[in-house]
Amino acid sequence: MMSQITSAPAPEQIRRAPKVLLHDHLDGGLRPGTIIDLAREVGYEALPETEADKLGIWFREAADSGSLPRYLETFAHTCAVMQTKEALFRVAAECAEDLAEDGVVYAEIRYAPEQHLERGLSLEEVVEAVNDGFREGERRAKANGHRIRVGALLTAMRHAARALEIAELANRYRGPESGVVGFDIAGAEAGFPPTRHLDAFEYLKRENNHFTIHAGEAFGLPSIWQALQWCGADRLGHGVRIIDDIEVAEDGSVKLGRLASYVRDKRIPLEMCPTSNLQTGAATSYAEHPIGLLRRLHFRATVNTDNRLMSGTSMTREFEHLVDAFGYTLDDMQWFTVNAMKSAFIPFDERLAMINDVIKPGYAELKSEWLFQQTASTSGSVAAAH
Ligand SMILES: O=c1[nH]cnc2c1ncn2[C@H]1C[C@H](O)[C@@H](CO)O1
Ligand SMILES: [Zn+2]
């Protein structure tokens, strides 16, 4: 039997470990250099910086406001340069390449097609350009010795009124050829409850389709309750505020309210995004991030990036922060990764194959390296003592 891995994985091991990403926005993950190139090509002159390094820093700082609406304002610049087929293709291809480079083996990437129509594209053209870009990125990753599969989630903006139309689009493009795997709603949460879009969710349920809902990020339990019990969400985007329904007494004993119990009992996946939560004020520090408690209580928690550009992050970095804050090991990383893979929107047999053929062997290899190093260093110290 494999012995327990006790030490913290090094950043390089974290990068090489197979990772699964369920919550990442396409328009929140552009390379700064690409934004500058695309702005030049389309004549967009409102960028706050024209050097890639400075632009990357600008996004991180502007998004670090402590408020979700202010965080969301920064997307005006990325969406502005994602209005042509070529731009969407490039951004999607680079997204898949960057994730593969970071050790992500499966990703569901979301974006709102309705935000990419300013220069005359149709919703269908947007979806097809992004899908083609993902396929290209998968090919480039393979050529570089990486393996990644990318699915798309189509998002509707919760302040707008196109959710049913976008849900229909997601349904039409669903399937292995195009790679659309589900639906989401995003945008400012306070004042825009998920029930505004009930028609879209009811439609998707009738179509046996999958959806996640951003809930419990900038607003609390009522938003999570609506997302699950009125709308029927398969997963929760963030869901951090579920912590409001959990009481931890001074002696460490824990009491779950009915909603928190439901979420845990039903194994509702929580797409947690620690760095993004610090920026929007949904959590105060990594060490106090609810993911620590939720992991201990065996909620189906997963680790995600949300917006790699605005949060200056990657899957490796998110795990590094959690390793620092909670002392997580490769076993914990594997637990989060298997949770995420179980919660993906692709068919069960394909999820199982990813777990058995990619994730478990990947972690087994890293753990055996770790054991080998431990043995080598122990026998080294024994030899030195003689
Ligand atoms: O964390 C988020 N909460 C709510 N909405 C978000 C978050 N991150 C990005 N968005 C919005 C801004 C994007 O333009 C949109 C589609 O990806 O989704
Ligand atoms: Zn999000």
Side-chain angles (χ1 to χ4, degrees), residues 21-30 35 59-60 62-83 87-88 91-92 95 107-118 123 126-127 130 134 151-160 162-163 166 169-170 180 182-194 196-197 211-220 223-224 227 233 235-241 269-283 289 302-313 315 318 340:
L21 174 53
L22 299 179
H23 190 131
D24 184 272
H25 294 256
L26 185 67
D27 52 331
L30 288 77
I35 303 176
F59 271 104
R60 240 172 295 153
D64 224 358
S65 59
S67 120
L68 179 59
R70 301 231 341 253
Y71 181 90
L72 294 176
E73 283 169 18
T74 59
F75 288 80
H77 297 296
T78 54
C79 287
V81 301
M82 295 170 70
Q83 300 296 337
L88 289 165
V91 170
C95 167
E108 290 180 1
I109 305 297
R110 63 190 75 195
Y111 64 99
E114 69 200 64
Q115 299 194 123
H116 304 278
L117 310 178
E118 283 167 21
L123 289 171
V126 171
V127 173
V130 172
F134 285 148
L153 299 177
L154 303 191
T155 292
M157 298 309 291
R158 54 205 307 159
H159 60 267
R162 300 186 79 156
I166 303 302
L169 190 70
V180 172
F183 174 81
D184 163 55
I185 57 166
E189 189 175 5
F192 301 102
R196 269 172 63 100
H197 306 290
F211 56 94
T212 175
I213 295 182
H214 277 78
E217 178 189 20
F219 204 71
S223 184
I224 295 179
R235 306 194 306 233
L236 293 172
H238 298 284
V240 267
R241 301 292 356 142
L270 302 171
E271 305 162 357
M272 317 213 80
C273 312
T275 303
S276 165
N277 292 159
L278 299 193
Q279 289 178 298
T280 62
H289 193 281
T302 67
V303 175
N304 302 275
T305 47
D306 207 12
N307 298 292
R308 286 167 289 120
L309 172 68
M310 286 75 181
S311 296
T313 197
M315 281 298 274
E318 291 300 310

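As the structure is a computational prediction, the values presented were derived from the model and not from experiment. Both backbone and side-chain heavy atoms feed into the values below; hydrogens, waters and symmetry mates do not. Order of listing sets the numbers, starting from 1, for every ligand and every atom in it.
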Quiz item: Hey, what do you get for CG (Asp27) to CG (Asn307), rounding to the nearest 0.5 Å?
Solution: 7.0 Å
Show me a pair-per-line table, with atom names and distances to 0.1 Å, of protein N or O atoms that are under 3.5 Å from an N or O of ligand 1.
unit_1   : atom_1 : unit_2 : atom_2 : d
ligand 1 : 1 (O)  : Glu217 : OE2    : 2.9
ligand 1 : 1 (O)  : His238 : NE2    : 3.0
ligand 1 : 1 (O)  : Asp306 : OD2    : 2.8
ligand 1 : 3 (N)  : Glu217 : OE1    : 2.8
ligand 1 : 5 (N)  : Gly187 : N      : 2.9
ligand 1 : 8 (N)  : His25  : NE2    : 3.2
ligand 1 : 8 (N)  : Asn307 : ND2    : 3.0
ligand 1 : 14 (O) : Asp27  : OD2    : 2.5
ligand 1 : 14 (O) : Gln115 : NE2    : 2.9
ligand 1 : 17 (O) : His25  : ND1    : 2.7
ligand 1 : 17 (O) : Asp27  : OD1    : 2.7
ligand 1 : 18 (O) : His25  : ND1    : 3.3

Quiz prompt | Distance in Å, Leu21 CG paired with Met315 CE, rounded so as to fall on 0.5 Å steps | solution = 5.0 Å
Quiz item: Leaving waters out, which protein N, O or S atoms fall under 2.8 Å from the Zn ion (ligand 2)?
Solution: His23 NE2, His25 NE2, His214 NE2, Asp306 OD1
Practice problem: Nearest 0.5 Å please: distance from the OG1 atom of Thr275 over to the CG atom of Asn304. | Solution: 11.0 Å
Self-check item: Shortest non-hydrogen contact from Pro193 toward Arg158
Solution: C-NH2, 4.1 Å
Quiz item: side chain to side chain contact (heavy atoms under 4.5 Å, CB included) between Phe134 and Leu26: does it pass, once the steps are laid out?
Solution: CA-CA 11 Å; Phe134 285 148; Leu26 185 67; 4.1 Å; yes
Quiz item: Would a distance-only check, ignoring hydrogens and angles, find a side-chain to backbone donor-acceptor pair under 3.5 Å from Arg235 to Glu271?
Solution: no
Quiz prompt | Residues, nucleotides or ligands: over 12 heavy atoms within 6.0 Å of Phe75 CZ | solution = yes
Quiz prompt | Ring geometry between His25 and His214 (parallel below 30°, tilted from 30 to 60°, perpendicular above 60°) | solution = tilted
Self-check item: Worked check of side chain to side chain contact (heavy atoms under 4.5 Å, CB included) between Arg308 and Cys95
Solution: CA-CA 10 Å; Arg308 286 167 289 120; Cys95 167; 3.5 Å; yes
